[in-house]
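From a predicted model like this one, the values you see are computed outputs, not experimental measurements.
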Amino acid sequence: MTESTTQYLPHPAGHRIAYHQLPGESPGVIFCGGFMSDMNGTKAIALEAHCREHSRAFVRFDYLGHGESDGEFADGTIGGWCDDALTALDTLTQGPQVVVGSSMGGWISLLLALKRPEKVQGLLLLAPAPDFTEEMIRHEFNDQERAELLANGRLLRPTEYGDEPYVITQQLIDEGNNHLLLNQTIPVYCPVHIVHGMNDSDVAWQRSLTLVEQLQSDDVTL
């Protein structure tokens with residue numbers, strides 16, 4: 001197989017989703033990246049190399065405001081980014097898929113499994129971060145940060161992963177409440193494999209224990 005090249009998928013909302021695609025055997029693999037990550041990260045590239053080696057179909061893509069896709073990051077929401085992923089899943093893949101999700105992409109992957117149970121045949125979740133918007137408000141933000149978010153509608157938080165700070169908007173927090181999963185049983189029945197480092201400083205590994213308890217699948221490995 002040849003190296004994949006960036007292509008663009010029109011979204012019904014008007015923006016374009018940048019993606020890379022490899023043809024190959026079924027079941028295919030689609031990668032959902034994390035918050036402020038992009039499809040050229042080390043996990044996505046390593047997974048593409050693995051799929052190329054094994055002649056397996058593969059898709060990686062950028063959400064709105066990420067990487068090479070259109071739009072502003074600050075305009076994004078969990079629901080909007082999930083819709084980007086759903087558009088990529090529906091349009092760029094054929095047949096059963098294994099969805100691999102990293103951090104926020106783990107949350108997105110779970111939402112895809114709920115929306116397309118007939119197509120999502122398995123999940124591989126890497127330090128998944130479902131409900132992270134609520135977690136930030138409840139446990140991570142201090143009083144000053146909460147006040148700044150309320151007053152300005154946005155908050156800039158430094159990150160060790162790049163020079164640009166994370167942009168956290170009130171819209172992101174509020175809209176994220178529509179997609180919370182850990183406060184209920186999660187009717188995902190496909191096999192789920194979760195990999196979570198116990199030294200993870202961004203997403204507490206104990207949250208994966210909660211996720212395992214809520215998943216209704218009888219084939220879950222942590």
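The line from CD of Glu135 to CG of Leu180 is 11.0 Å long, rounded to the nearest 0.5 Å.
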Check the pair Phe73 / Tyr166 against ring-ring contact (aromatic ring centres under 6.0 Å, His included), numbers first and verdict last.
CA-CA 9 Å; Phe73 176 83; Tyr166 284 169; 7.5 Å; no
Is there a salt bridge (charged side-chain N to carboxylate O under 4.0 Å, His left out) between Arg116 and Asp90 once you walk through the steps?
CA-CA 9 Å; Arg116 295 291 187 271; Asp90 288 344; 2.8 Å; yes
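At distances below 3.5 Å, at least one donor-acceptor pair connects side-chain atoms of Ser69 with backbone N or O atoms of Ala18. Under a 3.5 Å cut-off, the side chain of Ser217 and the backbone N or O of Cys190 do form a donor-acceptor pair. Without hydrogens or angle criteria, Gln171 side chain to Ile168 main chain gives no donor-acceptor distance under 3.5 Å. Thr87 places a side-chain N or O within 3.5 Å of a backbone atom of Asp83 that can act as its donor or acceptor partner. Judged purely by atom type and a 3.5 angstrom limit, Glu145 uses its side chain to pair as donor or acceptor with the backbone of Asn142. Under a 3.5 Å cut-off, the side chain of Thr77 and the backbone N or O of Gly80 do form a donor-acceptor pair.
A donor-acceptor contact under 3.5 angstrom links the side chains of Thr93 and Lys119, judged on distance only. With hydrogens and angles left out, the side-chain atoms of Asp84 and His15 include a donor and acceptor closer than 3.5 Å. A donor-acceptor pair shorter than 3.5 Å can be found between the side chains of Thr6 and His20.
A side chain to side chain contact (heavy atoms under 4.5 Å, CB included) with Trp81 is found for exactly one of Leu111, Asp62, Leu172, namely Leu172. Residue Arg60 is tested with Asn40, Ile30, Val100 for a side chain to side chain contact (heavy atoms under 4.5 Å, CB included); the sole match is Asn40. Of the residues listed (Val98, Val29, Leu47), the one engaging Arg56 in a side chain to side chain contact (heavy atoms under 4.5 Å, CB included) is Val29, and it is the only one.
Of all non-hydrogen atoms in Cys32 and Val99, the two that sit nearest each other are SG-CG1, 3.9 Å. Contact record, Ile108 with Ile78: CD1-O, 3.9 Å, taken as the closest heavy-atom pair. Contact record, Phe132 with Arg207: N-NH2, 4.2 Å, taken as the closest heavy-atom pair. Taking every heavy atom of both residues into account, Ile186 and Leu181 meet most closely at CG1-O, 3.6 Å. Contact detail for Ala113 and Leu123: the closest heavy-atom pair is CB-CD1, 4.0 Å. Among all heavy-atom pairs drawn from His179 and Gly79, the shortest one is NE2-CA, 3.4 Å.
Checked against a 6.0 Å centroid threshold, the rings of Phe31 and Tyr19 do not count as neighbours.
Residues Val192 and Val120 share a single hydrophobic cluster, defined by chaining ILVMFWY side chains whose heavy atoms lie under 4.5 Å apart.
Contact of the Leu211 side chain with the Val220 side chain is not registered, since no non-hydrogen atoms from C-beta on lie closer than 4.5 Å.
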